[in-house]
Amino acid sequence: MSIRRRLMTRFIGMLAGAVVLIILLGSVATYWVVQKVNEVNLVDDFAVNGLDQLINTAEIQPDNTIQYDPELLKQVDKNQGWLQVLDEQGYAIDEYHTPADVPTHYKPGELIAYWEIQKPFPYQIVMLIREKNGKEFTLLYGESNPAKSLMNKIRSDLAFTNGKLDLQPDQQEALRAANAYLQVLDASGSELSSYNKPAMGVPSEYTIQELVLQVRYPSRSGMSVATWYDEQNETTWLISIPGDPLATGNQNPYSFILEPALVVLIVSIIILLILLAFWYANRFGSPMLHMLQWLQRLERGHYEEPTGAFGVPRSQRRNGKWKRKYNVYAEVLRSMQALSHTLKQDEELRKQTDSLREEWIAGITHDLKTPSPPFRDMLICLRRINIAGPRRKSGNLQA
């Protein structure tokens, strides 16, 4: 495989790995968000989201008792709720924290009257019918609503005439005893009058959405809320009882899930990309820096490959094979090895030639200074010839 294809394969593989890691991070973040959203849904509306899970995870014991998921039962306790399982005849065959004022047997149509609020019932109930292990059973889930109970207690004597709230002493005492406050709102949601209302922290105007959220999701504001609409005067009576003082009062609890998850995901991706950048630089940059240092050494006349701490070339293992990150540049490294070997041989040959030349010049110089007998006789003859030559020429001219 050519170096071009190897580089292309490596880059594609690394990019694919980065994409897979980012997808895994996104999947983990999504799973965490889903789990947290489910937890918020259980707290916000256990009657809708929790009961179905409660039945699906329930196990019927041989004695017809029901074994529930302990984590879901913790939420029932947190909501101060209770459970009751009815058979086909309306008899309670199993219960969990069911109050003493809850019936253990329901007549035909009576349960529906309680469920549809046609008949007064001391608790808010939700009914769910499921088939489990071939048997159909009815699960009742009830929660106490102090505000609703208080509203039912004082509603019959409530009066608002001539723009003034008229409360009887027993009504005032009931509101103060429950640490509750009463507000009367007009058709647009603006406050007309109030009783026992805190000086701060309570709005004097509500939108439809705010009222619905407070009544539907009391856990978000930590308040038990109940309303009653007076059709004759077109006024809304609102009773609020503070609940858990640790409640955040956040109208959008999902923001506490989505925002941290998004921030963590983005930070994780940035950290991942930084780590991948360092890894890519080490994977592809180190061999290139090694080859650049090698070329610089060649320029300075050092023809050996740069070595590591143990004297072994950095591109090779102790057994002489290429390291993994250098293997992609194998052709280039072989060419540089061949070039280094050729330059080293040329340098050695040049040194030998210079040495022979210096030896030859040294020999000539030595012979000139201290000539040997044959060489000395030859020099004497040459000298005589040079001396005798001009005389014979001069004699010829005289003649």
Side-chain angles (χ1 to χ4, degrees), residues 43-47 76-82 97-102 114 117 119-126 141-251 253:
V43 174
D44 273 351
D45 201 346
F46 182 81
V76 174
D77 296 336
K78 186 176 180 180
N79 293 351
Q80 297 181 353
W82 51 268
H97 290 182
T98 303
D101 55 350
V102 174
Y114 288 145
I117 320 179
K119 185 177 181 180
F121 197 75
Y123 303 95
Q124 289 182 329
I125 61 172
V126 177
Y141 171 73
E143 285 183 0
S144 61
N145 188 334
K148 185 176 181 180
S149 300
L150 181 59
M151 178 69 77
N152 293 333
K153 180 179 179 181
I154 67 174
R155 187 178 66 180
S156 58
D157 297 328
L158 290 177
F160 184 76
T161 56
N162 298 326
K164 294 182 180 181
L165 182 61
D166 185 14
L167 295 177
Q168 301 298 323
D170 57 339
Q171 294 174 325
Q172 298 178 10
E173 179 61 27
L175 287 170
R176 287 194 299 269
N179 193 27
Y181 57 91
L182 174 65
Q183 293 175 281
V184 182
L185 309 178
D186 61 13
S188 63
S190 299
E191 182 182 293
L192 297 175
S193 183
S194 65
Y195 177 78
N196 203 31
K197 174 185 171 183
M200 298 180 61
V202 179
S204 298
E205 186 175 359
Y206 297 86
T207 63
I208 294 178
Q209 291 80 6
E210 290 172 345
L211 280 177
V212 171
L213 289 174
Q214 285 203 8
V215 175
R216 188 72 176 82
Y217 304 109
S219 61
R220 296 189 183 183
S221 59
M223 306 284 289
S224 177
V225 181
T227 60
W228 171 62
Y229 180 66
D230 185 357
E231 295 184 1
Q232 182 178 358
N233 298 317
E234 295 184 350
T235 55
T236 301
W237 296 69
L238 176 66
I239 289 181
S240 302
I241 302 178
D244 187 0
L246 299 179
T248 61
N250 179 41
Q251 295 297 320

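Just so you know, these numbers come straight off a predicted model, no measurement behind them.
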Kindly say whether [Y] contributes a backbone atom to a donor-acceptor pair with the side chain of [X] at under 3.5 angstrom?
X    : Y    : result
Q214 : L211 : no
S224 : A147 : yes
E210 : T207 : yes

Mind checking the [atom1]-[atom2] spacing from [X] to [Y]? Nearest 0.5 Å is all I need.
X    : Y    : atom1 : atom2 : value
L175 : I239 : CG    : CD1   : 5.5 Å
Y181 : S194 : OH    : OG    : 10.0 Å
E173 : L167 : CD    : CG    : 12.5 Å
D186 : T236 : CG    : OG1   : 8.5 Å
L182 : N196 : CG    : CG    : 9.5 Å
I241 : M151 : CD1   : CE    : 9.5 Å

Heavy-atom distance under 4.5 Å between the side chains of [X] and [Y], does that happen here?
X    : Y    : value
Y141 : I125 : no
D77  : H97  : yes
E205 : E191 : no
Y123 : E143 : no
P242 : N179 : yes

Point to revise | W82 to V76 - nearest heavy-atom pair and separation | key: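 In terms of heavy atoms, the two residues are closest at N-CG1, 4.0 Å.
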
Check whether the side chains of [X] and [Y] place a donor and an acceptor atom closer than 3.5 Å, and report yes or no.
X    : Y    : result
S204 : K197 : yes
R176 : Y195 : yes
Y206 : Q183 : yes

Review point. Given L158 and Q171, is the side-chain contact (heavy atoms from CB on, under 4.5 Å) satisfied, shown in steps?
Key: CA-CA 8 Å; L158 290 177; Q171 294 174 325; 4.0 Å; yes

**Study point:** Residues in salt bridge (charged side-chain N to carboxylate O under 4.0 Å, His left out) contact with K153, at least two apart in sequence or another chain
**Key:**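 For K153 there are no salt bridge (charged side-chain N to carboxylate O under 4.0 Å, His left out) partners, ignoring immediate neighbours.
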
Review point. Considering residues at least two apart in sequence or located in another chain, which fulfil the side chain to side chain contact (heavy atoms under 4.5 Å, CB included) criterion with T235?
Key: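 With sequence neighbours excluded, T235 shows a side chain to side chain contact (heavy atoms under 4.5 Å, CB included) to V184, L192, D230, N233, W237, given in chain and number order.
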
